[in-house]
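To start, the structure itself, in structure tokens.
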Amino acid sequence: MRDTFKAMTFPAVLAVFLLFAGMLFVYFTNAMPAFHRFGIDVYLKNVWRASEEPSEELYGVAAAIWGSVYTSLIAIAIALPLSVSYSVFVVDYAPKWLKNPLIIISDIMAGLPTIIYGLWGALVLVPFLREHVMKPLYEHLSFIPLFSYPPTTGYSYFSAGVLLAIMVTPFASAIIREAYSMVPFTYREAVYALGATRFEATKILIGYIRPAIVSGTILAFGRAIGETVAVSLVIGNTFNMTWQLFAPGYTVSSLIANQFGNAFIYEYMTPVLYAAGLALFLIGLAVNLLGLRILGRWEENVKA
Amino acid sequence: MSKLNARKLKEKVFLACVGVLTFLAILPLFHIILSVAARGLPVIAERGGKFITGTLSEGGIGPAIAGTFLLTFLAALFGLPVAFLVGLYAYEFPNSTIGRWTKTLLQIMLEFPTILVGVFVMQILVIPMGTYSAIAGALALAIILTPYVAVYTHEAMREIPFTYREAAFSLGLTRAKVLFRVLAPMAKRGILTGVLIGLAKVAGETAPLLFTAGGLYESYPDSITRPVGAIPLLIYQLVQSPSKADHQTAWGASLVLLLIFLGIFIPIRLSLREVKL
């Protein structure tokens with residue numbers, strides 16, 4: 001007997017797979033001219049020389065790749081303590097009437113249009129950070145290399161990292177919260193029965209969900225690295241490869257957002273942008289697969 | 001005794017830290033909502049109905065609002081049928097190789113950098129057509145919508161008790177009838193939630209529209225093969241302008257976008273359980 005269900009649904013599944021493979025293919029083929037011309041240097045060098053004369057053109061997107069990774073690292077460094085605290089608070093300590101509102105607030109934050117974060121970030125957050133965080137740090141602690149860049153505009157790796165942290169915290173906490181609430185109740189009873197304080201109990205229970213925290217962090221990193229508009233509004237869009245937190249920078253996605261529109265004027269700029277996109281594609285794929293794998297394995301262990 | 005006190009003290013410090021950090025985690029949302037309301041309301045109040053219906057040069061965002069609705073509608077038209085079928089497939093064949101891959105692929109696509117989708121659609125649709133268009137923008141949004149709705153469909157179906165499945169099959173129905181006529185209607189609440197959340201999500205997307213929709217703010221969209229505007233895209237362009245008046249329009253537009261988003265999201269969220277974004 002022919003299975004009409006399979007006949008109806010399989011084409012849709014096939015279409016989604018083909019779409020994904022098609023994306024990889026399109027990025028790869030369009031990036032090829034850049035690889036032929038610049039080789040691996042397109043990823044290793046930090047140079048952006050556009051020219052109408054193709055032989056004069058020279059590009060390397062290392063700064064943008066660095067910026068994507070660096071801002072995302074700043075973001076998860078800030079988001080991790082926030083989201084763990086939030087999860088512990090919601091599951092263990094929040095009074096009943098506060099639990100649901102807290103979860104709803106976090107869900108709204110996770111779904112809020114990113115452009116609203118971008119607008120708020122560019123016009124409210126950055127001026128605030130510049131006046132109250134960057135300037136004091138620069139004035140008093142600029143002997144530390146991290147803080148040695150003068151925060152003239154405020155648009156910087158630091159601003160982008162903070163904004164991304166705000167955006168990914170609810171996302172990471174959704175995963176961590178779910179895992180934390182899955183810890184069997186008997187474990188809690190056992191820990192408290194031993195006379196642990198709430199601090200000690202939480203420390204032990206957090207240890208139990210460590211894989212879920214790791215994967216939540218990795219997935220948040222994956223989300224931060226792909227974010228485009230909010231970042232491109234606060235990062236300053238300058239090719240700058242540095243640890244200095246207050247220096248303006250670039251990320252792959254903001255580079256694409258800013259340069260793609262006029263890239264067709266130059267012969268090699270479009271392929272280079274596709275090459276940058278391909279790098280982002282593969283980094284995102286690897287990071288997300290890793291995060292999902294760790295999470296999946298942990299869930300299997302818990303349920304078994 | 002002193003040891004006990006040290007432990008108690010540690011606990012107190014810890015609880016205070018958790019409370020403060022939790023507060024810090026959710027504080028930005030309130031600040032964002034208040035900022036958008038405080039800076040957006042005066043703009044809308046000052047320009048009145050013109051702000052909602054007028055073109056950009058008249059100080060309004062009418063075409064952008066129309067564009068957002070058009071794009072979201074078209075994205076739903078392209079994306080929902082595929083998403084529904086893929087979600088059902090992933091539910092029905094969870095242990096087959098393709099079924100497992102489908103699930104993984106959906107989860108990956110959920111996390112995918114949205115700007116890459118926009119550039120992809122530009123390459124396959126905008127360049128051959130020679131113009132930015134509503135179709136291209138909607139296709140990009142549909143690619144982002146599909147995994148959301150498919151994952152929700154999958155989750156909603158999984159919550160139906162297994163006995164209903166057994167009962168339906170024992171009546172001698174075919175697999176297609178069991179799934180489309182019996183089980184899917186039972187999960188329609190969950191599926192509908194997924195659809196609405198997906199729509200709320202894509203209505204606020206900017207990056208995938210950058211190189212596909214083009215933007216149209218001086219007249220209302222009249223053809224799906226021509227460029228179209230969208231509220232998020234307009235805000236993005238206005239923020240980058242140095243003029244203060246443009247920033248004001250951006251705040252007003254953000255308030256409209258925020259209200260659309262909250263208007264879809266809050267009712268669903270209040271009526272249903274966990275939301276996975």
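A, B, ... follow the sequence lines: proteins, then strands. Residue 1 opens every chain.
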Once you round to the nearest 0.5 Å, how far does [atom1] of [X] lie from [atom2] of [Y]?
X         : Y         : atom1 : atom2 : answer
Ile166(A) : Ile26(B)  : CD1   : CD1   : 13.0 Å
Thr228(A) : Ile115(B) : OG1   : CD1   : 4.5 Å
Leu219(A) : Glu111(B) : CG    : CD    : 5.5 Å
Leu112(A) : Leu258(B) : CG    : CG    : 6.0 Å
Ile108(B) : Leu285(A) : CD1   : CG    : 5.0 Å
Leu233(A) : Thr206(B) : CG    : OG1   : 9.0 Å

Given that the side chain runs from C-beta out, which part of [X] has a heavy atom under 4.5 Å from chain A: side chain, backbone, both or neither?
X         : value
Phe180(B) : side chain
Ser35(B)  : side chain
Ile124(B) : side chain
Ala250(B) : both
Val117(B) : both
Leu238(B) : neither
Leu29(B)  : both
Leu27(B)  : neither

What option among [options] has the most heavy-atom pairs under 4.5 Å with chain B?
options                                   : value
Val229(A), Val26(A), Leu273(A)            : Val229(A)
Thr114(A), Leu19(A), Leu278(A), Thr169(A) : Leu19(A)
Ile105(A), Val13(A), Leu119(A), Leu102(A) : Leu119(A)

Pairwise side-chain contact, [X] with [Y], heavy-atom cut-off 4.5 Å (strictly under):
X         : Y         : answer
Phe199(A) : Lys12(B)  : no
Phe5(A)   : Thr174(B) : no
Thr9(A)   : Val86(B)  : no
Phe211(B) : Ile256(A) : yes
Leu123(A) : Trp251(B) : yes
Pro28(B)  : Trp120(A) : yes
Ile108(A) : Ile266(B) : yes
Val16(A)  : Met109(B) : yes

> Is the number of heavy atoms from other residues, nucleotides or ligands under 6.0 Å of Tyr192(A) OH greater than 12?
Replying inline: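 Counting other residues, nucleotides and ligands, OH of Tyr192(A) exceeds 12 neighbours.
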
Taking side chain as everything from C-beta outward and backbone as N, CA, C, O, which of these in [X] sits under 4.5 Å from a heavy atom of chain B? Side chain, backbone, both or neither.
X         : result
Asn237(A) : neither
Ser173(A) : neither
Ala257(A) : both
Ser106(A) : neither
Phe17(A)  : both
Ser232(A) : side chain
Phe20(A)  : side chain
Leu289(A) : side chain

>> Given 3.5 Å as the limit, does a donor-acceptor pair link the side chain of Glu11(B) with the main chain of Thr197(A), or not?
In response: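 No: the side chain of Glu11(B) does not pair with the backbone of Thr197(A).
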
>> Has Tyr89(B) got a side-chain atom pairing as donor or acceptor with Met8(A)'s backbone, closer than 3.5 angstrom?
In response: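 Absent.
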
>> Do Gln123(B) and Tyr274(A) pair up side chain to side chain, a donor and an acceptor below 3.5 Å, judged on atom types alone?
In response: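 The answer is yes; a qualifying pair exists.
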
> Do Thr22(B) and Tyr93(A) have a side chain donor and acceptor closer than 3.5 Å?
Replying inline: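 No, Tyr93(A) and Thr22(B) have no side-chain donor paired with an acceptor closer than 3.5 Å.
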
> Any salt bridge between Glu200(A) and Arg7(B), counting N to O under 4.0 Å?
Replying inline: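 Salt bridge flag = yes for Arg7(B) with Glu200(A).
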
>> A cation-pi test, strictly: NZ or CZ of Lys6(A) under 6.0 Å from the centre of the six-membered ring of Phe93(B) and no more than 45 degrees from its axis. Yes or no?
In response: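 Relative to the ring axis of Phe93(B), which defines the angle, Lys6(A) lies inside both limits.
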
>> Tell me the closest heavy-atom pair linking Leu85(B) and Ala12(A), and the distance in Å.
In response: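 Looks like CB-CB, 3.7 Å.
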
> Taking all atoms of both residues into account, what is the closest heavy-atom pair of Leu21(B) and Pro81(A), and its distance?
Replying inline: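 Heavy atoms of Leu21(B) and Pro81(A) come nearest at CD1-O, 4.0 Å.
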
> What is the ring orientation for Phe281(A) with Phe112(B), classed by angle as parallel under 30°, tilted 30 to 60°, or perpendicular over 60°?
Replying inline: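 Rings of Phe281(A) and Phe112(B): perpendicular, as their planes differ by over 60°.
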
